[in-house]
Structure formats: structure tokens, C-alpha cells
Amino acid sequence: MTSYRVGVDVGGTFTDIVLLGSDGTIHTKKISSSVENYAQAIVDGLAELFRETGLAGGAIEEIRHGTTVASNAILEHKGAKTGLITTKGFRDVLEIRTLRMPRMYDIGWTKPVPLVERYLRRVVDERINAAGAVERALDPLEAERAVDALLAEKIETIAVCLLHSFANPAHELAIKEVIKRKAPSLPCSLSCEVLPEIKEYERTSTTVVNAYVTPIVASYLKALRKGLDRAGVRARLLLMQSNGGLTTDAAAAALPIHIIESGPAGGVVGAQALARAKRLPKVITFDMGGTTAKAAMVEDGEVTRAHEYAVGAGIMIGSRLLTGAGYTLKVPAIDLAEVGAGGGSLVWIDDAGALQVGPESAGAAPGPLCYDKGGETPTVTDANLLLGYINPAYLVGGALKLNPDKARRIFNDRIAKPLGMPLERAAHGAHLIAASNMIRAIRAVSSERGRDPREFALFAFGGNGPVFACGMAQALGMKRIVVPPSAGLFSSFGLLYAGVEHHYSRSFRRLLRKANPQEIARVWDALAGQAREQLAASGFTADKARIRRSAALHYQGQTYELSVPLPDGPIDLAYLEEAYGREHEKTYGHRAGADEPVELVSIQVVGQGLRAGPSVPERVRPSRAEPKPPPPRPAYFGTWIETPVLRRSDLARPRSGPLIVEEYDATCVVPPGARAELDAGGNILIELE
């Protein structure tokens, strides 16, 4: 009997669902996101797929989910009412932050409002030093008074972050006992459990964010589980983490900081798997949906990860030196660059008369003009429709009929006429500006990281990614584009490639040249034990569990560190020092001399659960029949050209552009001079001149 695994990605405009059978059959569904209750669209979409395919909930073996519910709670400031207990003298860490600014010389920039208001921050007069020794013991009565004061304010969750608790958690654990005694059901986040690492602001911010979203995420997952059970889908639920690994719904509810950037990770993981299969050593992923566009880098088969990022920071691509926006999270995450440019991005004219695109979006409601759902502002999707790139009768397989007349009329009145130019030139200008905005994201993960984008292939997906990919690649000097199967739902499809992962870290500062390898090995072994215990709870024991080690290091005196992997076997400190030097040179273009000591900052472990057999069959078979392609239509490439419209299967033999490939979930535009063909795995390969 064929069993199915489900990948679900909830975006700002659409919820994408992929059902993959053990026999390689794939069923797909794209449905408008239910913004008021994201879980509802998932349940409704599965119900529609069951009606279309004749399947029932019992055939589902596993559901893998990428969600934006946690990040949305932070962006919209709709998290739980949170209290904070911290060490006396550190009450204002959330406001002082790190004194970094995201925009230099901008005296108008203001810091984000702290997630915990000042009256909800309480202090206790205790002190543990950096070595873990107690200098001033915690007064139990003072701890009780702090907890009582917060409970009197009707808080919904508590964060506890005391000075140097990463070295000795005794005082935090004592406060936890008080909280559990006085309010047993109140969620509580301790920094010694959330992030046992140095750096007070980063640790406090991460712990507070975890507390802030815990009730929201727990409530969402409970509602989703209830809706799935009602629909007869009792399969286990796994959540995509920001780092690209999967975790159980129970673990996600306990530590939701790991799923803040859950949504974009699935597509990058899928691209990584296909890059390995195609032996592409260097790939830049480009994911453009309805609201944002995101880029990431896969190098030598490995996804690039950041060990700190900010949520709610707006455009996430600035220089490494320009940080400070948003709310800091010091947890591993796929290193993404993001811009506010998607199909729903608004096209507008600023006060100086210049054409602008985004970052505001029309979202799912009211959506672009052509959706005819009440939108009155032109968008990027409207521009692409007017340029002939999109078929008004075949968006989402024809389920969403477009109104090109409304788009043409309002785009002309609002954009073309004020600019004094023909409609097609105004629409093409909007298209090019959107592309230039997204090129910034690609440069952020390549040239700003010391890599030359011309050496990479561009892996394009998302509902709008294949429309823009060729033009962007040409501007960057890139020669190869890969468009995977089910490109418009690839973030959901990519979830099916992911494996279960649990990440652990601990601050452990030592100069490598003076360190004791046996002491370091003991700490690594302790973290590995935690990882194996968590994997065993998820059903991965013995040879189904793999442990990978890495270390965060810097030259003595540096503020920021880089991570390097450490192979299995005895601890080799000389290897770590040389590996760090190589990584520093690759990232920053230089390395220090032999007399500069390297300092170990923290020890990191990743526990991976291994599946028996491949995650996804080498070749999948879409169940949705390809329709007969429509006749050629004019498309604008600087001038109007009669352009053939093809199905994906029509590229079994190479074809030269211009041409348009129309599918249920995405449209791929191949410009004049480019060459496109289908490979053995069903990917569209495009070679540029």
C-alpha cells in the first residue's frame, strides 16, 4: 500500500501543500493563506486534495511543516505578555542592546520597542562570576517577591536571564522552582536552558524571544493538531527549524526560537539535496514568492549557516558591520538574505517622481489588481501580466482567474501616465526595479561573503522566481539556471528532503595553544549525549543517529567568531587553528600571522536522525496532467516578440528562447539567446550566452 508524506509551507499569500507517495507519485495544492488562522488553510487544502485524489487521512505517514507563525507574532508585536527576571544592574539590557546601528549616520533611526516593557522587568540582587563561582547568593525571599510582582501583572510567560548563568545555572534553576510552585502552568524560559552562552544582550534577547512566542506557537500547534485529527490525519507532525533540520511539534512548542525562520528553510534544503545529486559544487538559491524574495548559498554540498541573526529587522542583507535592527537571536539558522520584493510588492511613485517597488505588499488580501479582490494599487504581478509573462487564464492551474483589463487601466492611470511613458515601458521598468532589488540579496550571500556569483549556478523557485531568474543571472554574469520540478511549491517539496536535527552549544573559552584536549573532549561528549538522548526520543537510536561537531573560534581580542567543523576522532587543536585561519581568509580575504593566538569561544554539536533509504525518489511523477499549451503570445523583452508557450515536458529536447514554460504553480520565462532543456531528474536547465 502506498503511504504518503506531506510537506506544507505557509506563506504570506499562498499555502503550498505537497503529497509525496512512496511510489514517487506527487500531488500538489496551492491555496490562499488563511491569515486569521493559518492552520485552517492547511486542513482545508488537505481536504481538497483528498477529494481530488480519493486518498484518506490514514494514508498519511508524516506531515512536515514550515511556518511563519512565530516570526509574524514578533513582527506584529502580538506575542504573549512577557515578564523578565534578571540580575540587578541588567534591567535595561534589552534597550541598551549592543550600540550597533543598521544605518550609519541616520539620526532618525530608533531602536525597536523591547518585547518586555520596563515595568515587567524585575531584578534580583545576586551575582555569579564568569568562572561560575557564587559571589552573592540568591535570596529566596527576593526571588519570590520578583515572581509575585510579575504574576500580579497577569503575565502569560516568564523569561529568566541571570548574569553568567551559562557557567553556573543554580540561581536560575532556583527561580524556576519558585515559578513552578506559584504558577505551575505558566510557561517559563531559562537562559541556561535556551542559550548557555556568553554575551549578555544576545542571551537575554534570545531567551525573551523564546518566552514571547512560546504560548503563541503552542496554541497554534495545538489548534493544528486538533484540526488534523478532526480530518482523520493522525500522522506525526514535524516542524522545519531555521537551521534546516526538522524537529517534533513537542520540541518546537518548548523551544520555538528554533522555528522563527522556519518558512524559507525548506526550499534551501531541497536545493542542497538536488545540488548534491547533480554534483553542482556552487549554487545560489533564489526563492521569490508573493511577499518577499530570499537568497542563500550552498557550497560544496553544504548550506551556509549563520549563528546569529535578527528577526523583524526588515531587509536582512546589510553589511556584517551594519547590524542592530530587529530582535537578536543567537541560534543557528540558514544564512538567508531577504528583500521585500515579491509578486504582491506594490509599485508606486515617490515624491521625487521616481518609480519604486516594495517593500510594502498587497499580500493575500486584497492581493494584486488582477486578482480582482479589491486591490487598488499596482503590483509586480500586474506588471508581469501586462508584459505577457503570465497567462491570465492559468494562474494556479486556472483556479485563480485574472482580470487583465483592471490591471491595465489602473497601472496606466497610476504609473504610466504620471511617468509620461507607454504602458509596456512602465511595466518593464517596474519589473527591472524589482529584479535590481532582488539582486542585492544575491550579492549579499555571495560577493559580501567573499564569493564570486559568476562561479555559481542560480537555483530558482517560488511562484515568481523562474520569471525573474534569467534576467537577474544575466545582470550578475551567471551562466546557468536550474528550475526544479514543482518550482512554485518547492519550499514545501524541499521539506521532504530534510532530516531531523537538534543543535546544541555551550560557551567554553580557552586559548587553543594552552587548552587541554581531554577537557574539551569531555564537554563535547556531554553535548553529544544530550543530542543522542533527544534523537532517541524521536525514534533515532544507534546507527540511525549521527553526531557532527564544530567549534566557534576567533583571534584573541576579536568580538565575532566563525564556526569550523571538526572531524570525528581525538581532538586536534592544531587542526582547529589551521581550519579557522582558512575560514577567516575565505570570509574576510586575509588571515592573521602565526603569532596571533586563536581562541575557542563555544563548542557546538548537531545530532542528526538518519532515514533508511533516500528521502525522495530520484524521479517523481506529478499526478497533475499537463494541459495542452496555449498558442504563442506577445511578450515584452525590450520589444514585443511573439513567444512560444510550452509545457515542461516539451523541453525534453533543447529549445532556444524566447519561450515561456507554464505550469500549475509557476511560470518560467526564457529570454532571447538562452537555451533550455530538461535533465533526467525533470529539472529545467537554462544556459545563458
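All values derive from a computational prediction rather than experimental measurement. Note that these values count all heavy atoms, side chains included, but never hydrogens, waters or copies made by symmetry.
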Angle between ring planes, F490 versus F459, binned at 30° and 60°: parallel, tilted or perpendicular?
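Judged by the thresholds at 30° and 60°, the geometry between F490 and F459 is tilted.
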For the residue pair H502 and Y504, categorise the inter-ring angle as parallel (less than 30°), tilted (30 to 60°) or perpendicular (more than 60°).
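Tilted, since the angle between the ring planes falls between 30° and 60°.
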Show me the pairs that pass salt bridge (Lys or Arg N to Asp or Glu O under 4.0 Å) and involve residues 188-197, at least two apart or across chains.
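Found K176-E193, E197-K330.
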Worked verdict on T214 versus T157 for side-chain hydrogen bond (donor to acceptor under 3.5 Å, both in side chains):
CA-CA 8 Å; T214 291; T157 177; 5.5 Å; no
Lys NZ or Arg CZ of R510 over F508 ring: under 6.0 Å, within 45°
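Pair R510/F508 counts as cation-pi.
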Before you tell me yes or no, could you show the steps for Q604 and S550 under side-chain hydrogen bond (donor to acceptor under 3.5 Å, both in side chains), namely the whole-Å CA-CA distance, both residues' side-chain angles and the distance that decides it to 0.1 Å?
CA-CA 5 Å; Q604 301 157 346; S550 62; 2.8 Å; yes
Could you check whether [X] pairs with [Y] (Lys NZ or Arg NE/NH1/NH2 to Asp/Glu carboxylate O, under 4.0 Å)?
X: E299; Y: R451; result: yes
X: K282; Y: D300; result: no
X: R136; Y: E126; result: no
X: E200; Y: R203; result: yes
X: K199; Y: E561; result: yes
X: D249; Y: R236; result: no
X: R97; Y: E95; result: no

Evaluate the criterion side chain to side chain contact (heavy atoms under 4.5 Å, CB included) for residue pair V194 and I257; output intermediate values, then yes/no.
CA-CA 9 Å; V194 173; I257 48 163; 3.5 Å; yes
Take L535 and T541, measure what side chain to side chain contact (heavy atoms under 4.5 Å, CB included) needs, and give me the verdict at the end.
CA-CA 7 Å; L535 287 171; T541 56; over 6 Å; no
Do other residues, nucleotides or ligands put more than 12 heavy atoms under 6.0 Å from the CD atom of E578?
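Counting other residues, nucleotides and ligands, CD of E578 exceeds 12 neighbours.
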Residue R181 excluded, over 12 heavy atoms near CZ under 6.0 Å:
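Atom CZ in R181 is packed in, count exceeds 12.
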Of all residues at least two apart in sequence or in a different chain, which pass the ring pair (Phe, Tyr, Trp, His ring centres under 6.0 Å) check with H584?
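Residues passing ring pair (Phe, Tyr, Trp, His ring centres under 6.0 Å) with H584: Y555, Y580, Y588, H590.
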Can you tell me how far the [atom1] atom of [X] sits from the [atom2] atom of [Y], to the nearest 0.5 Å?
X: I175; Y: L162; atom1: CD1; atom2: CG; answer: 4.5 Å
X: Q272; Y: Y497; atom1: CD; atom2: OH; answer: 11.5 Å
X: L600; Y: I520; atom1: CG; atom2: CD1; answer: 5.5 Å
X: K182; Y: K180; atom1: NZ; atom2: NZ; answer: 14.5 Å
X: L190; Y: T207; atom1: CG; atom2: OG1; answer: 8.0 Å

For [X] and [Y], which I'm curious about, is there any donor-acceptor pair between the side chains at under 3.5 Å?
X: H258; Y: T247; answer: no
X: E501; Y: Q608; answer: yes
X: S165; Y: E172; answer: yes

Looking only at non-hydrogen atoms, find the nearest pair between A80 and P215 and report the distance.
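Where A80 meets P215 most closely, the heavy atoms are CB-CG, 3.5 Å.
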For the student: nearest non-hydrogen atoms of V160 and C188, plus distance
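Of all heavy-atom pairs spanning V160 and C188, the closest is CG2-SG, 4.4 Å.
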Short question: side chain of T86, backbone of V123 - any donor-acceptor pair under 3.5 Å?
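Judged by distance alone, no pair lies under 3.5 Å.
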Could you check V311 against L329 for side chain to side chain contact (heavy atoms under 4.5 Å, CB included), going step by step and ending with a plain yes or no?
CA-CA 7 Å; V311 62; L329 283 172; 4.2 Å; yes
Between F90 and Y201, is the ring centroid distance below 6.0 Å?
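Ring-ring flag for F90/Y201: false, centres at least 6.0 Å apart.
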Check step by step if side chain to side chain contact (heavy atoms under 4.5 Å, CB included) holds for T248 and V500.
CA-CA 8 Å; T248 62; V500 170; over 6 Å; no
